[in-house]
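Here is the structure we will look at.
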Number of protein chains: 2
Amino acid sequence: MTTVLIVDDQPLQRYGFHLLLDSVPETDVVGEAAHGAEAVRKAAELRPDVVLMDVRMPGMDGIEATRRIAAAGGRSRVLVLTTFDLDEYVHAAIRAGASGFLLKDARPEELLAGIRAVASGDAVIAPALTRRLLDEFAPYIPAHRGDGAEDPRLGSLTDREREILVAVGKGWTNGEIAARFVLSESTVKTHVGRVLAKIGARDRIQAVIFAYDHGLARPSTD
Amino acid sequence: MTTVLIVDDQPLQRYGFHLLLDSVPETDVVGEAAHGAEAVRKAAELRPDVVLMDVRMPGMDGIEATRRIAAAGGRSRVLVLTTFDLDEYVHAAIRAGASGFLLKDARPEELLAGIRAVASGDAVIAPALTRRLLDEFAPYIPAHRGDGAEDPRLGSLTDREREILVAVGKGWTNGEIAARFVLSESTVKTHVGRVLAKIGARDRIQAVIFAYDHGLARPSTD
DNA sequence: GGGCGCGTGGTACCGGGGTACTACGGGGGG
DNA sequence: CCCCCCGTAGTACCCCGGTACCACGCGCCC
């Protein structure tokens, strides 16, 4: 039995979801909320397995509410439901920590399957959005995976050189690298020089780009 | 009516899929293949709407076959099906141009729903894999989307300065930027200096990292 | 008209980065 | 045993990048 909290500013919409979830035995609607603030409060109080979250709401919107519920660290998973498949919503929801993103025109079975998946710790994305997400993220998949053959330039690096490349990818200067690795700056320069030669980069800048392209560096959420 | 090509090295597995797809009216199995090479050939010959592709096969594997079918540019969409939810497979399949990735332990309705979605141009990912994909790609979502408030540093840049930042993000030297923008190098240095000051970067290197973090630069598939 | 932001351009200076070359000790394989 | 790779370290040199400061023309708004 999975417990559900329904969040939507439209009473009729809540009623519809409530009816649907009551029609199957495995879900139990434990509460409703009409806006973000109420959602955050009730999620903390009722500790539902799944929060069905609308995006567009007066006051605190669904994204901010999702962020707070996710940040609270409880075991509630948020499934975002919206009428509009705007990329910004999807991006924002994912970043906010949502476990799912479905459109309100989904068929009832899809919604129930989504709730089941989210409750069990998995995640779901509406197929119409998945296509765009895949197209967007495909370039970020490191080339050394996926291309069958690993980039030979990566393989040519020694362990130490790969460490140095990662450090360069973080934007550290030679002096900083020397300090953190407890090395002389000369040694660092030697390593960096060899790395540049091996990967075919003229600058440390192109080494940074290389590192990003090959998954050795990734955006930090500092 | 969506036409389907079944690719799997196990005859019994093909038989099972065939039976399942024959049991519903909206799919029509137009062929089978036992390995990658045959799959590529039959896909070109039969032009199915959807290719049900196994990953592990002797000879040419499903990933390579997917790559070739996708590269051929026909309207066939590939739905990869595998027993193992290894991240490498998922990554490789997405990079190869697959439109979907499901596990063989999926329920029949899920498989059929997946085929429908893929045939209509959407994409599907098994919920168990979606979670890991989301966790992996969330950092790549540019901070200026998703965080509600746009990064004020980005907004402070003029149009020209943003262009310059993008160019810096590509790893171009001041000289190259000057050449491509038809400017003097002095002007470029002035712009770069202002950009660095505005975004709070000490180097052009950290400007490159900033560009990646904020979605102004992304891995190129050169 | 006077200001101001923006894009353009210049000079001068200096420090970090990159290259070339050399060197040496340790570990592993022929 | 000897050699080679690897990691370490140094010196010398040059150039690009970054900073500081100044300058001018254009468009826009008060």
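Since we're looking at a predicted model, the values are computed, not measured. The chains referred to below are lettered A, B, ... by the order of the sequence lines, with proteins before strands, and numbering in each begins at 1.
Rounded to whole angstrom, the span from the NE2 atom of A/His191 across to the C1' atom of D/dG10 amounts to 14 Å. We find that CZ of A/Arg204 is positioned 5 Å from P of C/dG17, with the value rounded to whole Å. The distance between atom CZ of B/Arg160 and atom P of D/dG27, rounded to the nearest whole Å, is 16 Å. As a whole-Å value, the separation of B/Asn174 CG from D/dG18 P is 6 Å. For the pair A/Ile205 CD1 and D/dG17 C1', the computed distance is 8 Å after rounding to whole Å. If you measure from atom CG of B/Asp159 to atom C1' of C/dG7, you get 12 Å, rounded to the nearest angstrom. Rounded to whole angstrom, the span from the CG atom of A/Leu183 across to the C1' atom of D/dT8 amounts to 8 Å. We find that NZ of B/Lys189 is positioned 10 Å from C1' of C/dA12, with the value rounded to whole Å.
Taking 3.5 Å as the limit, the base of D/dT8 and the side chain of A/Arg194 contain a donor-acceptor pair of atoms between them.
The aromatic rings of A/Phe210 and A/His214 sit parallel to each other, their planes meeting at less than 30°, with 60° as the upper class boundary. Taking the six-membered ring where the residue is Trp, A/Phe137 and B/Phe137 present parallel rings, their angle staying beneath 30° rather than reaching 60°.
Contact annotation for B/Thr187: base contact, defined as any heavy-atom pair under 4.0 Å involving a base atom. Residue A/Ser184 is classed as a sugar-phosphate contact, given heavy-atom separations below 4.0 Å to backbone atoms only. Within 4.0 Å of A/Thr173, counting heavy atoms only, lie sugar-phosphate atoms of the nucleic acid but no base atom.
Close to C/dT11, at under 4.0 Å from its OP1 or OP2, lies no side-chain N or O of B/Ser186. Contact check, A/Thr158 against D/dC5: no side-chain N or O comes under 4.0 Å of OP1 or OP2.
Looking only at atom types and distance, the side chain of B/Arg56 has no donor-acceptor partner in the side chain of B/Thr82 under 3.5 Å away.
A salt bridge is absent between A/Arg204 and B/Asp203; no separation between the charged side-chain nitrogens and carboxylate oxygens falls under 4.0 Å.
By the 4.5 Å heavy-atom criterion applied to side chains, B/Asp213 and A/Tyr212 are counted as neighbours.
Comparing B/Phe181 and A/Trp172 against DNA chain C, the residue whose closest nucleotide sits nearer the 5' end is B/Phe181.
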